[in-house]
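Being a predicted model, the structure only gives us computed values, none of them experimental. Residue numbers start from 1 in every chain, and the chains themselves are labelled A, B, ... in the order their sequence lines are given, proteins ahead of strands.
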Amino acid sequence: MYEESGCFDPSNMQQEGLIQAEDGFSQTHIPICNNQSFSMEEHSNYPQNPTQQDVAAAVLEMELQQQINLEMQQGETHLMQEIVHDSNWQEMSNFNGYINQFSLPDTPYPTTPDLLNMFPLPRCSPSTTSLLPNSSISFSKSAQKSSNFLASLGLLGDLTPVVADGASASASVVYDPLLPLNLPPQPPLLRELFHSFPHGGYALGGSRTSGSLFPGVVDERDVNGGDGRHFDNGVFHFTGDMDCIGKNRDGKGTKHLATEKLTRVLIKDKYTALRNLVPNPTKNDRASIVGDAIDYINELKRTVNELKVLVEKKRCSKERLKRAKREDDSMEGNIDTKSLDDMGQPYNGSSLRSSWLHRKSKNTEVDVRIVDDEVTVKLVQQKRINCLLFVSKVLDELQLDLHHVAGGLIGDYYSFLFNSKVCEGSIVYASAIANKLIEVVGKQYAAIPPTSSY
Amino acid sequence: MECVKTAFDDLCILDEEKTKGGRMEKRKHIDSDDEDDKFKSKNLEAERRRRKKLNDRLLELRSLMNKATIITDAVTYIEELQRHVKDLSDQLLKMDANCVKEEETTKIEETDAAEEMKKWGIEPEVRVTSIEGTKLWLKIVCQKTKGGFTKIMEAMSVLGFDLTDISVTTSKGAILVTSCVEGNQGGLPDVDQIKDFLSEIIKSI
């Protein structure tokens with residue numbers, strides 16, 4: 001719909017003017033029209049009455065508003081649309097004059113009109129050119145102030161002297177005043193736009209830029225060779241995707257790439273940090289890192305609970321011992337100690353200690369289950385050396401009373417099951433057992449010569 | 001009304017008692033107190049709503065997290081848990097250091113074991129049989145002591161046996177070791193020699 005209203009005004013005069021404009025300004029003018037559709041119309045209206053200009057401006061405003069709503073991400077289009085959008089009529093008409101002068105190739109570049117001198121806007125330095133492709137300027141839909149227009153005026157006002165000076169500087173000029181607007185970056189488009197003037201040709205990428213407005217009118221192959229080169233970087237199609245933002249063909253601005261890379265690296269670092277915390281990490285892919293972390297967190301939670309129970313038990317038994325001693329010393333009846341025991345018992349009984357743990361290492365698998373005072377250890381190890389001796393030593397150290405042992409060689413692995421009881425008052429907990437076992441077995445495996453095999 | 005009690009464990013005891021009393025009263029009095037019920041159900045509803053609101057908000061917070069924050073939080077949480085574990089285990093060790101009473105229990109256990117064996121007439125025993133080739137079958141009966149099993153295992157490794165399978169049980173103060181081993185390092189000692197060697201070992205247990 002906006003295509004229709006694009007630069008083709010309902011009024012005949014407008015259309016005439018447009019046709020004029022088209023004739024007058026070959027293809028290069030068309031992209032400008034896209035972005036500065038008002039300019040064409042204004043230009044066409046230039047020789048006409050101010051009233052018509054106003055009408056044109058109104059129409060333009062409407063159409064551009066629509067355009068804004070449709071494609072907020074299209075930089076240059078919106079850039080110029082905003083300019084128009086925020087215009088007030090008075091300024092617009094003045095501006096028209098300026099633009100008309102500006103867009104005519106053969107007119108000498110006008111001196112800055114009074115309008116522009118009215119707006120003390122910051123001029124940017126050429127050094128900002130380099131920043132422009134990276135600047136993430138986004139449109140503020142809500143900013144409907146004339147200040148935007150002022151800024152845009154300033155933009156174009158700056159353009160004049162700069163364009164006269166050199167093409168490259170124009171780009172810098174284009175953006176700096178507009179930065180507060182948060183406009184999306186369209187350096188190549190505008191750059192091309194303003195590059196065109198000093199070159200004396202309007203060889204802006206025709207079909208690419210003007211797609212919707214002038215379908216088929218422009219042939220991008222007609223673009224000047226010199227200017228055509230510029231478009232290789234630019235993405236001129238207004239198809240509503242993000243490609244036009246930035247300068248690279250792949251659709252992402254270099255700044256986007258840089259930030260994304262940075263975030264990727266950061267996230268990867270965090271994954272490796274997580275992996276380093278987990279005791280036996282297997283596989284380096286993210287899914288298993290997270291899976292291992294989950295298991296480890298659960299294991300830690302169980303260990304914490306177990307230790308809490310143990311501490312409580314210990315404290316209780318200590319209390320009981322103390323009281324028992326005191327009772328013995330004072331030779332008071334057993335009733336008191338018994339009652340204390342009774343008090344202690346329910347607590348201990350209700351907090352039945354239970355925990356389990358499963359740990360895997362490179363060549364060993366340990367499963368420790370503790371229920372109250374019974375410890376069951378399952379050990380699976382690769383058959384290379386018989387660690388049974390070392391394991392039983394460890395269990396002795398941990399003061400575990402072996403009740404049953406069963407196991408043997410199964411294929412390539414030794415598998416053992418140990419049933420044992422925790423000695424009264426022992427503070428051993430599942431995690432400690434598992435750690436110790438893995439440590440010892442690991443040591444043995446490390447100690448044997450690598451070539452040994454049965 | 002049971003569900004009230006289980007569902008709202010975090011309610012203060014006062015509330016529970018109130019509901020309990022309410023239940024009792026209901027049973028006793030036919031004309032139940034509507035006012036109480038109203039307050040109860042209002043409280044219930046209010047509580048339910050409050051917790052639902054909290055849970056929903058927490059879920060939403062969880063859903064908001066992006067990948068980076070999730071991972072960072074996981075790292076922090078793991079470190080915190082590890083610190084907890086360390087603190088608790090240190091605390092436990094400290095507490096344990098103050099208690100010195102295990103030795104007595106050990107001695108008590110051992111004397112008990114010896115007595116029980118005698119009571120049941122179990123005699124220490126070693127049996128070694130050759131099954132086929134280098135395979136041997138062992139049976140050891142001895143008094144159950146701390147570290148006894150370890151000594152037996154030491155002996156077996158000294159003999160250079162490859163364990164095929166093993167079964168150990170303890171009962172009535174005695175320990176029974178049954179094992180099938182493979183003597184793999186040529187120059188297998190004589191069956192009788194093995195038997196003598198092992199008998200010596202168990203005597204020292």
Participant: Answer yes or no: does atom CH2 of Trp137(B) have more than 12 heavy-atom neighbours from other residues, nucleotides or ligands under 6.0 Å?
Facilitator: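 Counting other residues, nucleotides and ligands, CH2 of Trp137(B) exceeds 12 neighbours.
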
Participant: Of the listed residues (Thr169(B), Leu81(B), Leu92(B), Val75(B)), which shares the most heavy-atom pairs with chain A below a 4.5 Å separation?
Facilitator: Leu92(B)

Participant: Taking atom CD of Glu60(B) as the centre, report whether more than 12 heavy atoms of other residues, nucleotides or ligands fall under 6.0 Å from it.
Facilitator: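 Atom CD in Glu60(B) is not crowded, with 12 or fewer foreign heavy atoms closer than 6.0 Å.
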
Participant: Do the non-hydrogen side-chain atoms of Leu88(B) and Val304(A) ever get within less than 4.5 Å of each other?
Facilitator: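 They are in side-chain contact.
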
Participant: So do Ile267(A) and Ile71(B) actually touch side chain to side chain, heavy atoms under 4.5 Å?
Facilitator: no

Participant: Find the one option among Asp165(B), Val168(B), Thr72(B) whose heavy-atom pairs under 4.5 Å with chain A are most numerous.
Facilitator: Val168(B)

Participant: Should the heavy atoms of other residues, nucleotides or ligands under 6.0 Å from NZ of Lys270(A) be counted, would the total exceed 12?
Facilitator: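 More than 12 heavy atoms, drawn from other residues, nucleotides or ligands, come within 6.0 Å of this atom.
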
Participant: So, Tyr414(A) side chain and Thr164(B) main chain: donor-acceptor pair closer than 3.5 Å or not?
Facilitator: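 Between the backbone of Thr164(B) and the side chain of Tyr414(A) there is no qualifying donor-acceptor contact (under 3.5 Å).
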
Participant: Out of Ser431(A), Ala273(A), Ala406(A), return the one with the most heavy atom pairs under 4.5 angstrom to chain B.
Facilitator: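 Option with the greatest count: Ala406(A).
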
Participant: Hey, what do you get for CD (Glu80(B)) to CG (Leu300(A)), rounding to the nearest 0.5 Å?
Facilitator: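 If I round to the nearest 0.5 Å, the distance is 10.5 Å.
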
Participant: Verify the neighbour count for atom NZ of Lys301(A): are there more than 12 heavy atoms of other residues, nucleotides or ligands below 6.0 Å?
Facilitator: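 Counting other residues, nucleotides and ligands, NZ of Lys301(A) stays at 12 neighbours or fewer.
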
Participant: Are the side chains of Phe149(B) and Asp396(A) in touch, meaning some heavy atoms are under 4.5 Å apart?
Facilitator: no

Participant: What is the distance from atom NZ of Lys86(B) to atom CG of Leu307(A), rounded to the nearest 0.5 Å?
Facilitator: 12.5 Å

Participant: Who passes side-chain contact (heavy atoms from CB on, under 4.5 Å) against Asp269(A), sequence neighbours left out?
Facilitator: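 By the side-chain contact (heavy atoms from CB on, under 4.5 Å) rule, Asp269(A) matches Val265(A), Thr272(A).
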
Participant: If we define contacts as heavy-atom pairs under 4.5 Å, which of Val391(A), Leu388(A), Val290(A) has the most with chain B?
Facilitator: Leu388(A)

Participant: Sequence neighbours left out, what passes side-chain contact (heavy atoms from CB on, under 4.5 Å) with Ser415(A)? Give chain and number order.
Facilitator: Val380(A), Ile410(A)

Participant: At a heavy-atom separation under 4.5 Å, does Tyr296(A) approach chain B through its side chain, its backbone, both, or neither?
Facilitator: side chain

Participant: Quick one, Gln91(B) and Lys308(A) - any side-chain contact, counting heavy atoms below 4.5 Å?
Facilitator: no

Participant: Any chance you could measure Leu277(A), atom CG, to Thr76(B), atom OG1, to the nearest 0.5 Å?
Facilitator: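 Result: 9.5 Å between the selected atoms.
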
Participant: Look up atom NE2 in His404(A) and atom OG in Ser171(B), then write down how far apart they are to the nearest 0.5 Å.
Facilitator: 8.0 Å

Participant: Examine whether an atom of Ser157(B) lies under 4.5 Å from a heavy atom of chain A, and if so say whether it belongs to the side chain, the backbone or both; otherwise answer neither.
Facilitator: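 Side chain only.
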
Participant: Is the shortest heavy-atom distance from the side chain of Leu402(A) to the side chain of Thr170(B) under 4.5 Å?
Facilitator: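 No, too far: nothing below the 4.5 Å cut-off.
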
Participant: Are Lys94(B) and Lys314(A) close enough, and set up right, to give a side chain to side chain contact (heavy atoms under 4.5 Å, CB included), and what steps lead you there?
Facilitator: CA-CA 11 Å; Lys94(B) 222 174 28 163; Lys314(A) 206 66 187 187; over 6 Å; no

Participant: Looking at Ser392(A) and Met153(B), what are the two nearest heavy atoms and their distance?
Facilitator: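 Between these two residues, the closest heavy atoms are OG-CG, 4.2 Å.
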
Participant: Has Arg369(A) got more than 12 heavy atoms of other residues, nucleotides or ligands less than 6.0 Å from its CZ?
Facilitator: no

Participant: Tell me, out of Glu154(B), His84(B), Lys67(B), who's got the most heavy-atom pairs with chain A below 4.5 Å.
Facilitator: Glu154(B)

Participant: I'd like to know which of Leu176(B), Thr178(B), Leu163(B) tops the heavy-atom pair count under 4.5 Å against chain A.
Facilitator: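 Maximum pair count with chain A is reached by Leu163(B).
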
Participant: So how far is it from Asp162(B) CG to Leu409(A) CG, rounded to the nearest 0.5 Å?
Facilitator: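 Answer for the CG-CG pair, Asp162(B) versus Leu409(A), is 8.0 Å.
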
Participant: Atom CD1 of Ile70(B) and atom CG of Leu274(A): how far apart are they, to the nearest 0.5 Å?
Facilitator: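 The CG atom of Leu274(A) is 11.5 Å from CD1 of Ile70(B), to the nearest 0.5 Å.
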
